[in-house]
Every structure is written in structure tokens, then in C-alpha cells.
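What you see is a predicted model; the values in this text were computed from it and never measured.
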Amino acid sequence: MAGTFKFELVSPERVLLAVDAEQVELPGADGDFTVLPGHAPVVATLRPGTILSRTANDKKAIFVKSGFVEVRPDSVVVLAEQAFITDEADPRFIESELAATEAALAAADSDEARRHHNMAIEQMRQVLVNRQKG
């Protein structure tokens, strides 16, 4: 298909999403970036945040706690440590993940780990707020 590329998001449990995307917005560790068809090859680390995938007929928001992305001109593959599609996840699941991340923050032994957990907490809280707005 002209104007699209293969987008796959894989977690340790399963393939969360496999679509022909027109655009994907990613929370890169060095800053957010958008991928369009024909993008230059990139390998990047992801920070906690929301990936937005746009197809001709749909838009999906996927929360990732961390992971890696490989971008090629005709495909994007995200390998996520932990991820969930925000509008499909049960709010109780998100709250339990939030509680687990808060516990991990309390046990963190480095500034980098504390920073990562704080970002994840902030982003998960935003997902919950967005879910409540409907």
C-alpha cells in the first residue's frame, strides 16, 4: 500500500499490534519523534510514554514502560518490556501497574531508576485521567 508501512508492537507476552500504519508517534528516550513512510533507518530506546499509531481507519494509543524501536523505510518494530493498549486495558490493571511502579520507585537504588519510575508513574496517571475523560 502506498503511504503506509508495517507497524508491529511486541511485548514479552504477545504481539499487541500489527497494522499498516500511516504514521507512528514514539516517546524516544532522547525526545518524541514521528515516523512516516520512507523514514530513515533508526534504532532508538523508548522512555515511558504513549505510542500513537494512525492507520487509514483507526488510531491506537499504546502505553510503553520501556523498550526499543527499529525503524526502516517500510517498517517499524517496537520491542516493549511492558505495554498495553490504553483503551482496551481495564482501569484496575492500570492502577495495579501504577502501584507496582510506585513500589519500584520506593526501592530504586539509582537516580536513573528513580527518574525512569517517576516518568512511568506520571505517564500512567495521565492514561488514567484520559480514560476517565472518555
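Between Thr101 and the choices Lys65, His116, Gln82, the side chain to side chain donor-acceptor pair (under 3.5 Å) rule is met once, by Lys65. When each of Asn57, Asp58, Thr55 is tested with Val19 by the rule side chain to side chain contact (heavy atoms under 4.5 Å, CB included), just one qualifies, namely Thr55.
Cluster annotation: Val42 is connected to Val35 through the hydrophobic network of ILVMFWY side chains, with a link wherever side-chain heavy atoms come within less than 4.5 Å. By the rule that hydrophobic residues join a cluster once side-chain heavy atoms approach within less than 4.5 Å of another member, Leu26 and Leu16 end up as members of one cluster. A continuous path of ILVMFWY side-chain contacts below 4.5 Å connects Val15 to Leu79, so both sit in one hydrophobic cluster.
Using a 4.5 Å heavy-atom threshold, the side chains of Phe5 and Val24 count as touching. Counting heavy atoms from C-beta outward, Glu88 and Lys60 have side chains that approach closer than 4.5 Å. Counting heavy atoms from C-beta outward, Leu128 and Leu98 have side chains that approach closer than 4.5 Å. Side-chain atoms of Leu17 and Ser53, non-hydrogen and from C-beta on, do get closer than 4.5 Å to each other. Looking only at side-chain heavy atoms (C-beta outward), Phe63 and Ile85 stay at 4.5 Å or farther from each other. Looking only at side-chain heavy atoms (C-beta outward), Pro41 and Pro73 come within less than 4.5 Å of each other. A 4.5 Å side-chain heavy-atom check between Ile94 and Val127 finds at least one atom pair inside the cut-off. Using a 4.5 Å cut-off on side-chain heavy atoms (C-beta onward), Val77 and Phe7 make no contact.
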Steps toward side chain to side chain contact (heavy atoms under 4.5 Å, CB included) verdict (Ile51, Leu46): CA-CA 10 Å; Ile51 294 172; Leu46 299 176; 4.2 Å; yes

Apply side chain to side chain contact (heavy atoms under 4.5 Å, CB included) to residues Thr50 and Ile62 and explain how you reach the verdict. CA-CA 5 Å; Thr50 301; Ile62 307 106; 5.9 Å; no

Can you check side-chain hydrogen bond (donor to acceptor under 3.5 Å, both in side chains) on Asn130 and Gln126, steps first, answer last? CA-CA 6 Å; Asn130 291 342; Gln126 189 61 49; 3.1 Å; yes

After noting the C-alpha distance and the side-chain angles of Asp90 and Arg92, does the key distance pass the salt bridge (charged side-chain N to carboxylate O under 4.0 Å, His left out) rule? CA-CA 5 Å; Asp90 184 314; Arg92 292 173 295 192; 2.6 Å; yes

Candidate pair Val69 and Val43, rule side chain to side chain contact (heavy atoms under 4.5 Å, CB included), full reasoning: CA-CA 6 Å; Val69 60; Val43 174; over 6 Å; no

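Closest approach of His117 to Ala104, counting heavy atoms only: CE1-CB, 3.6 Å. The two atoms that bring Ala61 and Leu52 nearest to each other are CB-CD2, 3.7 Å, heavy atoms only. In this structure, Glu81 and Ser66 approach most closely via the heavy-atom pair OE1-OG, 2.7 Å. Nearest heavy-atom pair, Val64 versus Pro27, reported as atom, atom and distance to 0.1 Å: CG2-CG, 4.1 Å. Listed here is the closest heavy atom pair of Ala108 and Arg114: O-NH1, 3.1 Å.
For Lys6 and Asp20, the salt-bridge test passes: some basic side-chain N is under 4.0 Å from an acidic carboxylate O. Salt bridge status for Lys59 with Glu25: absent, with no side-chain N to carboxylate O gap under 4.0 Å. Glu112 and Arg115 are joined by a salt bridge, as a carboxylate oxygen and a charged side-chain nitrogen come within less than 4.0 angstrom of each other. Asp32 and Arg47 are joined by a salt bridge, as a carboxylate oxygen and a charged side-chain nitrogen come within less than 4.0 angstrom of each other.
Aromatic ring orientation, His39 versus Phe33: tilted (interplanar angle from 30° to 60°).
One distance of note links CZ of Arg54 with OG1 of Thr4; it measures 15.5 Å at 0.5 Å rounding. Between Asn118 atom CG and Asp111 atom CG the span is 10.5 Å, to the nearest 0.5 Å. Summarising the geometry, atom CE belonging to Met124 is positioned 12.0 Å from atom CE belonging to Met119; distances are rounded to the nearest 0.5 Å.
Looking at Thr45, its side chain never comes within 3.5 Å of a backbone N or O of Ala29 through a donor-acceptor pair. The closest donor-acceptor contact from the side chain of Ser96 to the backbone of Phe93 lies under 3.5 Å.
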